[in-house]
Protein chains: 2
Amino acid sequence: MKKKTTIYDIAKALNITVSTVSRALNDFPTISKATKNAVLETAKTLNYTPNKLATALKLGKTNIIGVIVPTVQASFFASVINSLEDGLKDKGYRIILYQSNESLAKEINGVKALLEAQVDGIIASMSLETNETNHFEEVVKQNKPLILFDRVNKSFGVPTVTLDDFMAGYIATQHLIDKGYKKIALLTTVHQIKIFSDRLQGYKKALLDNNLEIIDEFIIYGGLSIKDGRFGVGKLMRKKNKPDAIVAGDDFTALGAIKKLIEIGETPPKIGVIGFSNEGFSAYITPNLSTIDQHANEMGKECAKMFLKMIQQGNPYDEVSHTVLTPTVIDRESTGRIYK
Amino acid sequence: MKKKTTIYDIAKALNITVSTVSRALNDFPTISKATKNAVLETAKTLNYTPNKLATALKLGKTNIIGVIVPTVQASFFASVINSLEDGLKDKGYRIILYQSNESLAKEINGVKALLEAQVDGIIASMSLETNETNHFEEVVKQNKPLILFDRVNKSFGVPTVTLDDFMAGYIATQHLIDKGYKKIALLTTVHQIKIFSDRLQGYKKALLDNNLEIIDEFIIYGGLSIKDGRFGVGKLMRKKNKPDAIVAGDDFTALGAIKKLIEIGETPPKIGVIGFSNEGFSAYITPNLSTIDQHANEMGKECAKMFLKMIQQGNPYDEVSHTVLTPTVIDRESTGRIYK
DNA sequence: CTGAAAGCGCTAACAA
DNA sequence: TTGTTAGCGCTTTCAG
């Protein structure tokens, strides 16, 4: 268990001082080519690994940023993290990952843990349980960048990166209308997080703009899952007044809806179905699923960009900006009926 | 930009010394209840956040562990990371994530970066480009736990957690044979990483054990992707001697194979298809795909367990163990032909 | 161009 | 039970 080599070892080996070594290592202009090369060389020979911890302690900057997501197992979050890490690693930033598992308690712990680890900032998407922002307050108080994405609270004055969920609801509905569907149901859920109410508003607005009636019993509030999709369809198709298309709350719900529709002989696109998220399976199921692309990768990139900007400007909260990404329709078979 | 509060501030406020504060904060037995409470209280009032960086520097232990994977965007790796992070966070460990993007150069950089960040250990799965282990050597040299999982190099003397890939190839093939298929083709790839050759051996052994002939032209070496799956099937079905079932290198390849088979009217399970990985979509496509479960979550858990064990025992490399997980067949429609 | 020395925030050995 | 102090490895100001 030999001791690790430090700049002191390099200094001793060359009969110079640590300050010179430090300067050489950090490429200061005021250093002679000769000493610099000598330092670099002995650093290599001595198998020197810089201790960023010490640097971080000294400088008050770790170059580590904390990321809190409900779970990396959801393809959306995995994609965000993927592009986030990718975009930041070249700038010298590392990422500490913390999963909240949709639990507020864990999210609170996460913020605390990351702060204790002295991260330079936090990028987070709120858990479904989260109904307050007190735990995030401390990040702001420490004047460290905090960016919320996708599942955000905009009344809390931190920068956010989100999808335009009103528009998402709108274009999903409009897409169905464009394809000739006229009696459009919505499988949704109620939640603190504004996403779902925004989408609902978008759905309603699209109907209105097309002079279609908003039928209350076509709006089903339930969970979001394959099972809920099946259940929702069951409920809808038992009515005397049946819809001819369905906007599902997410792709899993849409999948459940499709399965149920196939069972009862109303295989999409006979009844149109559109989802949200563009999950991995959406392109591969039969009929493959039209859906709303949430641009996860862009979201990661935007978060990275915003973080870098906040770090650069002296005070991260000098100007708090909200980036809103534009959702797009992915047109596939499940909405492919063409007759107006 | 007020200064952060440190244990010195707490000490000053209570007219005691930092060592007492430190002891109180760390719950030393030799501290009086009174002072301890006082410390805890003022810590709260002063809004104290411990600086783990300083602790880490002092103790030479960060409680951070580095994780290197090709990408979090693959569901397998996402699952491993999910259970890894989940299993380790309660033990006080955080995870720094580093994606190699299947690039050796990035993987090398990753090891370096993580070592500089003074991680307590590294858990990694090798990139497809990786053909040497020099860059990992340094981790071992520093006597820090290094665990390789899934894509490993067993001749390199570090602990590993893997799936029994020979068995995976074997049971996939045996499954098809059990279902009555007799002319079984294999869509695979060649690679440094032993996984694929192991599976090939398993495939061959299963055929042998069942007195089925190994037909060279039934073994197609290509890439692994939807496109490669289509291509492979095209190639196979153009032969005069056609297979009646296909073991595909992964689920994507299997998916491509299925799509192509449907197109040419040989919809599985007419021709059987089995994949590897149990990707998210596998259960949802039509026909849904039989596949080999790689037990990603268990793999993460095993890595976590192994890491903890290595940390505990004085020298992490005292006993180098290799955990091998048992693959299991997920029996779905794509192999559902029953006639012997 | 280089050196000396303080200090980032914490822990722990030693003393009291 | 508490205090004193050195030091983890590094950067940077001030001198030279």
Side-chain angles (χ1 to χ4, degrees), chain A residues 1-40 42-43 46-64 92 115-120 142 144, chain B residues 1-40 42-43 46-64 92 115-120 142 144:
Chain A
M1 191 98 73
K2 60 183 182 310
K3 259 183 49 39
K4 300 188 46 189
T5 93
T6 73
I7 52 172
Y8 281 87
D9 301 315
I10 300 178
K12 209 178 301 165
L14 291 172
N15 255 315
I16 54 180
T17 62
V18 287
S19 30
T20 306
V21 175
S22 173
R23 285 187 275 249
L25 255 18
N26 290 294
D27 219 13
F28 272 51
T30 76
I31 205 97
S32 84
K33 268 257 171 314
T35 34
K36 187 183 146 187
N37 287 138
V39 167
L40 258 31
T42 40
L46 295 183
N47 201 19
Y48 169 72
T49 302
N51 186 332
K52 299 273 190 189
L53 226 56
T55 309
L57 181 59
K58 179 71 200 176
L59 264 32
K61 183 168 191 312
T62 52
N63 275 29
I64 294 176
L115 249 18
E116 293 182 349
Q118 309 299 116
V119 295
D120 289 344
Q142 293 193 14
K144 291 181 171 176
Chain B
M1 189 98 72
K2 63 186 181 304
K3 256 181 56 36
K4 300 188 45 189
T5 93
T6 73
I7 52 172
Y8 282 88
D9 301 315
I10 300 178
K12 209 179 302 169
L14 292 171
N15 253 316
I16 54 179
T17 62
V18 286
S19 33
T20 306
V21 175
S22 173
R23 285 187 276 251
L25 256 18
N26 290 294
D27 218 14
F28 270 50
T30 76
I31 205 97
S32 83
K33 269 253 169 318
T35 35
K36 188 185 148 185
N37 286 139
V39 166
L40 258 32
T42 40
L46 295 182
N47 200 17
Y48 170 72
T49 303
N51 186 333
K52 300 272 190 188
L53 224 57
T55 311
L57 180 60
K58 179 71 199 175
L59 299 184
K61 185 170 189 314
T62 51
N63 274 27
I64 293 176
L115 249 18
E116 293 182 350
Q118 308 299 116
V119 294
D120 289 344
Q142 294 194 12
K144 291 181 171 178

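Bear in mind the structure is a predicted one, so any value in this text is a computation, not a measurement. Chain letters run A, B, ... following the sequence lines, proteins first, then strands; residues in each count from 1.
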* Go along nucleotides 10-16 of chain D 5' to 3' and tag each nucleotide: B for a protein heavy atom under 4.0 Å from its base, S when only backbone or sugar atoms are that close, - otherwise. => BBBB---
Roughly how many Å is it from [atom1] in [X] to [atom2] in [N], rounded to a whole number?
X        : N      : atom1 : atom2 : result
B:Ile31  : C:dT11 : CD1   : P     : 12 Å
A:Asp9   : D:dC8  : CG    : C1'   : 13 Å
B:Leu14  : D:dT2  : CG    : C1'   : 13 Å
A:Leu57  : D:dC8  : CG    : C1'   : 9 Å
B:Glu116 : D:dG9  : CD    : P     : 15 Å
B:Ile16  : C:dA16 : CD1   : P     : 21 Å

[X] side-chain N/O to [N] phosphate OP1/OP2 under 4.0 Å:
X       : N     : value
A:Thr35 : C:dT2 : yes
B:Thr30 : D:dT2 : no
A:Ser32 : C:dT2 : yes

* Look up atom CG in B:Leu57 and atom CG in A:Asn51, then write down how far apart they are to the nearest 0.5 Å. =>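 Rounded to the nearest 0.5 Å, the CG-CG separation comes out at 6.0 Å.
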* Rounded to the nearest 0.5 Å, how far apart are OG1 of B:Thr55 and CG of B:Asn26? ->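 So the gap between those two atoms works out to 7.5 Å.
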* **Lys/Arg-Asp/Glu bridge criterion (N-O < 4.0 Å) met for B:Asp27, B:Lys36** =>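 A salt bridge links B:Asp27 with B:Lys36.
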Which atom names give the shortest non-hydrogen contact between [X] and [Y], and what distance separates them?
X        : Y        : result
A:Ile10  : A:Tyr48  : CD1-CG, 3.8 Å
A:Thr62  : A:Val119 : OG1-CA, 3.7 Å
B:Asp120 : B:Lys144 : O-CB, 3.9 Å

